[in-house]
Amino acid sequence: MTNIIENIREQIRRVVGKAMAAAVGKGLMPDVSINEIIVETPKEEEHGDFSTNIAMLLAKKAKKAPVQIASILIENMDFTGTYIKRAECAGPGFINFFLETSWLYDTLKIIDREREDYGRINIGQGKKVVVEFVSANPTGPLHMGNARGGALGDCIASVLQAAGYDVTREYYVNDAGNQIEKFGISLEARYIQLLKGEDAVEFPEDGYQGEDIIDHMRDYIEQYGDKLLDADPEERRRELVNYALPINLERIKKGLEAYGVFHDVWFSEQSLYDSGEFEETINHLKSKGLLYEKDDAQWFRATDFGAEKDVVIIRSNGLPTYFASDIAYHRNKFIKRGFDRVINLLGADHHGHVARMKAAVEAIGIDPDRLDIVIFQLVRLFKNGEIARMSKRTGRAISLDDLLEEVGRDAARFIFNTKASGSHLDFDLDLAVKQSNENPVYYVQYAHARICSMLRLLESEGISVPVADEVDLTLLAAPEEINLMKKLAEYPDEIRIATQTLEPSRLTRYVTDVASLFHSFYTECRVKGEEENLMKARLLLVSATKTVIKNVLGILSINAPERM
RNA sequence: GCGCCCAUAGCUCAACUGGAUAGAGCGUCUGGCUACGGACCAGAAGGUUGUGGAUUCGAGCUCUGCUGGGCGCACCA
């Protein structure tokens, strides 16, 4: 639960704050207010471990040159009780801080103490958050877009858990409404076609073309024969949907599980109607005067809340739109179940939903900032160097199951999390399949396996990983050792940033950096056969590296193999 | 036409939300295994951050005009 980087930033903020007060007290500079002291980590090593731009920010108000302010502040700084060794003024007025190496040794002690909990922080403070993701219509198999959303949503959830939130992973099952109607019509058409021939009935224009619909009906007929041929059509469609829908859901569930994605709640859209919550919600909106009638339909005044246009929630045929039940669904999340935050993942093709959903949330009396909608860009699949289109209609789409079979869970999850959600993702199937150094996931896994191999070898000679307190960590002073320790120290702060930006993609980059620094260390620094104290110190560092790699891969739900 | 997203090395992407000399991986080139796993390491080449303005001590990042691409703009979801 320790974020040492954050602790040090806090130390620096205190030191700077006190230095300002002291300088003002001595009349060296005017008493100007500053809302926040920003501490950042410079990328150049010569610029120290941390820096602040405060002198530059104060310059105008204090009517002094930044460099002058920086010098005054530095002269009035007191470093006792901190990791700070010295501070110096550089460039246009930055104050750079250099730390005692002991902060890195303390990092190793923290990792040794926290083990599988290292990296966990508590910015979530136990707040309840629901992450809703995938939520694909259960009318067919999952595709590449769902695969990206699945990897992303699951990792966002894991990151939030690591950050101290009480997280629920949820799948919203669209088992009501128009899509299900279409599903039923499609099944019915295939059913009749299979029994009475292709020409017996025309397949509906906007029906689901996929092979899976036909397969369903073939199986159904095998089990139950033609008993529905003369049934009432509405009855028949309901029966066919009731047959196929649970099968689809089960397949989706199985597929996601194979992908390492486990939803805690499968929330049925239909249940909102059954429980009366849907009606409650509509009545609530009506009573607040947020609905009006036009062209025989009921409209929601989304424009009152900044959306571009109002939106229909009850169609003129009396049937509600998807959006209507979605409002009830969000009311359920916030009010019935009391989530502090709601996070929804949506493919870019649904981004039009964002503004009106925010509007709806505000309409039911909830601060819309409590709703985060993460839009992820769609996936372009490359195979043999060319774009493989994925459309649900042609049935030529690559399904999640295909992906797992060809690429494997680890590579797929890793690749989907190497890019920020907002950036378009080109998924190179040929590259993903390769089990070579071109494929970044193996680079990281290799580092872990290599460490395990080292530990095994030493263990077989009776040498086990020592306890941090029994080791002279000051022996770790080589650049490769320092760089590796610094990177390990960043992990809790990486969790913090990933949480605040809802971007787990930075963790794949982070863990790649860890692996890279480890490999450099490995090449330069021997462990086995070194002088005993040095060996112990390095062994502890190696073990800490293993812990961090394993913890990060754990968040990504990617295996950390002991051999490969 | 309107709205949202994107444009950074040959390719795929970063840049801690305004900081100092824009970084990685792949690919290319040059080196490195008689010791813990070579799926590795060290180094090199590669850039006017699509483009014109604006804001300020300071812009890849903010505002704005273009260009090119993706996605939306339903009484579908």
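Atom set for the values below is all heavy atoms of this structure, side chains included, hydrogens, waters and symmetry mates excluded. In this text, all values refer to a predicted model and were calculated from it rather than measured experimentally.
One can place NZ of A:K419 at 14 Å from P of B:A7, the figure rounded to the nearest angstrom. For the pair A:D426 CG and B:A7 P, the interatomic distance rounds to 13 Å; values are reported in whole Å. If you measure from atom CD of A:E44 to atom P of B:G19, you get 15 Å, rounded to the nearest angstrom. Atom CG in A:L381 sits about 17 Å away from atom P in B:G70, given to the nearest Å. The distance between atom CZ of A:R380 and atom C1' of B:G70, rounded to the nearest whole Å, is 8 Å. The distance from atom CG of A:D349 to atom P of B:C76 is 18 Å, rounded to the nearest whole Å. Regarding A:L455, its CG atom lies at a distance of 10 Å from the P atom of B:G37, rounded to whole Å. Rounded to an integer number of Å, the gap from A:N53 CG to B:G58 P is 15 Å.
Nearest-nucleotide assignment on RNA chain B puts the 5′-proximal partner with A:C525, out of A:I314 and A:C525. Sequence order on RNA chain B of the closest nucleotides to A:D493 and A:E40 puts A:D493 first from the 5' end.
As the counterpart of B:A54, B:U62 is assigned, both hydrogen-bonding distances of the Watson-Crick or G-U wobble pattern falling under 3.5 Å. Using N1 to N3 plus N6-O4 or O6-N4 for Watson-Crick, or N1-O2 and O6-N3 for G-U wobble, each under 3.5 Å, B:G3 pairs with B:C71. Shown here, B:A9 forms no base pair; nothing in the strands shown gives a Watson-Crick or G-U wobble contact with both key distances under 3.5 Å. With a cut-off of 3.5 Å on both pairing distances, B:C16 has no Watson-Crick or G-U wobble partner at all.
Using a 4.0 Å heavy-atom distance criterion, A:G529 is classed as making no nucleic acid contact. Note on A:E562: a base of the nucleic acid sits closer than 4.0 angstrom, heavy atoms only. Using a 4.0 Å heavy-atom criterion, one finds that A:A348 contacts the sugar-phosphate atoms exclusively. Counting non-hydrogen atoms under 4.0 angstrom, A:D513 reaches nothing in the nucleic acid. Counting any heavy atom pair closer than 4.0 Å across all strands shown, A:L425 reaches sugar-phosphate atoms only and no base atom. Residue-level contact check: A:K60 touches the backbone only, with heavy atoms under 4.0 Å from sugar-phosphate atoms and none from bases. Residue contacts for A:S505: at a heavy-atom cut-off of 4.0 Å it reaches no nucleic acid atom on any strand shown. A:N96 comes within contact range of at least one nucleobase, with a heavy-atom separation under 4.0 Å. Among the heavy atoms of the strands lying under 4.0 Å from A:T321 are primed sugar atoms or P, OP1, OP2 only; no base atom is included. Using a 4.0 Å heavy-atom distance criterion, A:A449 is classed as a base contact. Note on A:T512: nothing from the nucleic acid sits closer than 4.0 angstrom, heavy atoms only. Looking at heavy-atom distances under 4.0 Å, A:H353 makes no contact with the nucleic acid at all.
Nucleotides B:A44 and B:C2 place their P atoms 49 Å apart, quoted to the nearest Å. Separating the P atom of B:G43 from that of B:U21 is a span of 22 Å, rounded to the nearest Å.
Counting only N and O atoms by type, the side chains of A:Q445 and A:N559 include no donor and acceptor under 3.5 Å apart.
The side chain of A:E308 lies closest to B:C2, out of B:A77, B:C2, B:G37. The side chain of A:Y446 lies closest to B:A39, out of B:C76, B:A20, B:A39. With distances taken from any side-chain atom of A:R356 to the nucleotides B:A77, B:A20, B:C16, the minimum falls on B:A77. In the set B:U21, B:A20, B:G37, B:A20 carries the atom at the smallest distance from any side-chain atom of A:S51. Taking every side-chain heavy atom of A:R509 into account, B:A15 is the closest of B:A15, B:C71, B:A77. Closest to the side chain of A:H519, out of B:A20, B:G19, B:C41, is B:C41. Comparing B:A77, B:C16, B:C57 by their closest approach to the side chain of A:R496 singles out B:C16. Which of B:A39, B:C71, B:C40 sits closest to the side chain of A:H351 comes down to B:C71.
Using bins of under 30°, 30° to 60° and over 60° for the plane-to-plane angle, the ring pair A:F267/A:Y329 lands in the tilted bin. Ring pair A:Y322/A:H353 is tilted by interplanar angle, where 30° to 60° counts as tilted.
Checking the phosphate oxygens (OP1, OP2) of B:C41, a side-chain nitrogen or oxygen of A:Y443 falls inside 4.0 Å. Side-chain N/O atoms of A:K43 include none lying less than 4.0 angstrom from OP1 or OP2 on B:A22. Considering only side-chain N and O atoms, A:S453 lies under 4.0 angstrom from the phosphate OP1 or OP2 of B:G37. OP1 or OP2 of B:C76 has at least one side-chain nitrogen or oxygen of A:R315 nearer than 4.0 Å. Between A:S423 and B:A14 there is a side-chain N or O to OP1 or OP2 distance below 4.0 Å. For B:A24, neither phosphate oxygen OP1 nor OP2 lies less than 4.0 angstrom from any side-chain nitrogen or oxygen of A:S516.
Applying the 90° criterion around 0 to the glycosidic angle, B:U17 comes out syn.
Evaluation of A:H424 against the base of B:G70 yields no stacking contact (centre distance < 5.5 Å, interplanar angle < 30° required). Both thresholds, 5.5 Å between centres and 30° between ring planes, are met by A:F94 relative to the base of B:A20, so the two rings are stacked.
Look at A:E10 and A:R13 and you find a salt bridge, because one of the NZ, NE, NH1 or NH2 atoms lies within 4.0 Å of a carboxylate O, short of that distance. Taking the charged nitrogens against the carboxylate oxygens, A:K419 and A:D426 have no contact shorter than 4.0 Å, which rules out a salt bridge.
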### Task
Go through the steps to decide whether A:D326 and A:Y172 satisfy the test side chain to side chain donor-acceptor pair (under 3.5 Å), and finish with yes or no.
CA-CA 10 Å; A:D326 217 9; A:Y172 185 47; 4.6 Å; no
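No N or O donor and acceptor, one from the side chain of A:T523 and one from the base of B:C40, sit under 3.5 Å apart.
In this structure, the side chain of A:W299 engages the main chain of A:K294 through a donor-acceptor pair within 3.5 Å. Looking at A:T499, its side chain does come within 3.5 Å of a backbone N or O of A:I495 through a donor-acceptor pair. Within the 3.5 Å criterion, the main-chain N or O of A:I54 finds a donor-acceptor partner in the side chain of A:T52.
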